[in-house]
Colleague: 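Just passing along the structure, written as structure tokens.
Everything numeric here is computed off the predicted structure, so don't read it as measured data.
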Amino acid sequence: MKHEPTAITLDHVTPRRGQTAYDRRDNLVLACQRCNGNKADTPILAFLLGRPQRAETLLRYGQHLSPMLLDLARQVAGEEAAARAERLADPDYPYAD
């Protein structure tokens with residue numbers, strides 16, 4: 001889904017709950033306002049398990065995230081979805097949408 005740049009927000013993968021230690025690059029992702037609002041302070045595992053396709057998206061666009069978060073997303077997405085996300089994240093993959 002495509003969004004206008006003004007509709008994009010910065011989301012903390014692990015909710016910060018007032019702690020600035022979570023304002024690191026490996027804990028931040030771009031998210032539309034609706035997704036950011038839906039996630040709110042939900043722990044990442046609960047958010048991904050609620051809709052496993054989110055884990056695949058996180059793998060595709062979140063290569064900058066911490067290894068722990070990427071491992072969690074791989075486990076939730078499953079082997080096939082994780083492999084697909086890896087292929088699509090490759091800028092040289094010829095069949096990317």
Colleague: How close do D11 and K39 get, counting heavy atoms only, and between which atoms?
Modeller: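 For D11 versus K39, the nearest heavy atoms are OD2-CD, 3.4 Å.
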
Colleague: If I take atom CG from residue N38 and atom SG from residue C32, how far apart are they, to the nearest 0.5 angstrom?
Modeller: 8.0 Å

Colleague: Distance from E80 atom CD to E56 atom CD, nearest 0.5 Å?
Modeller: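 Result: 9.0 Å between the selected atoms.
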
Colleague: Could you measure the distance from the CZ atom of R54 to the CG atom of L49? Nearest 0.5 Å is fine.
Modeller: 10.5 Å

Colleague: Between A89 and R60, what is the shortest heavy-atom contact and its length?
Modeller: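 Between these two residues, the closest heavy atoms are CB-O, 3.4 Å.
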
Colleague: What are the two closest heavy atoms between A73 and A55, and how far apart are they?
Modeller: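 Closest heavy-atom pair between A73 and A55: O-CB, 3.4 Å.
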
Colleague: Please check this pair: side chain of H64 against backbone of L28, looking for a donor-acceptor N/O pair closer than 3.5 Å.
Modeller: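 Looks like yes, one N/O pair under 3.5 Å.
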
Colleague: Is L10 linked to V29 within one hydrophobic cluster, defined over Ile, Leu, Val, Met, Phe, Trp and Tyr using a side-chain heavy-atom separation of less than 4.5 Å?
Modeller: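 No, L10 and V29 fall in different hydrophobic clusters.
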
Colleague: Check each of N27, L59, V13 against L65 using the side chain to side chain contact (heavy atoms under 4.5 Å, CB included) test, and report the only one that passes.
Modeller: V13

Colleague: Can we say D90 and R87 salt-bridge, meaning some charged N sits less than 4.0 Å from an Asp/Glu carboxylate O?
Modeller: no

Colleague: Please find the pair of heavy atoms, one from A77 and one from A82, that lie closest to each other, and give the distance.
Modeller: CB-N, 4.4 Å

Colleague: Shortest non-hydrogen contact from V76 to L48?
Modeller: CG1-O, 3.8 Å

Colleague: Are T9 and L30 side-chain neighbours, meaning at least one heavy-atom pair lies under 4.5 Å?
Modeller: no

Colleague: Is there a side-chain contact between T14 and L69 (heavy atoms, below 4.5 Å)?
Modeller: yes

Colleague: State yes or no: do Y61 and L58 share one hydrophobic cluster built from I, L, V, M, F, W and Y residues joined by side-chain heavy-atom distances below 4.5 Å, directly or via other members?
Modeller: no

Colleague: Hey, could you give me the CD/OH distance between E86 and Y93, rounded to the nearest 0.5 Å?
Modeller: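 Here the interatomic distance stands at 11.5 Å.
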
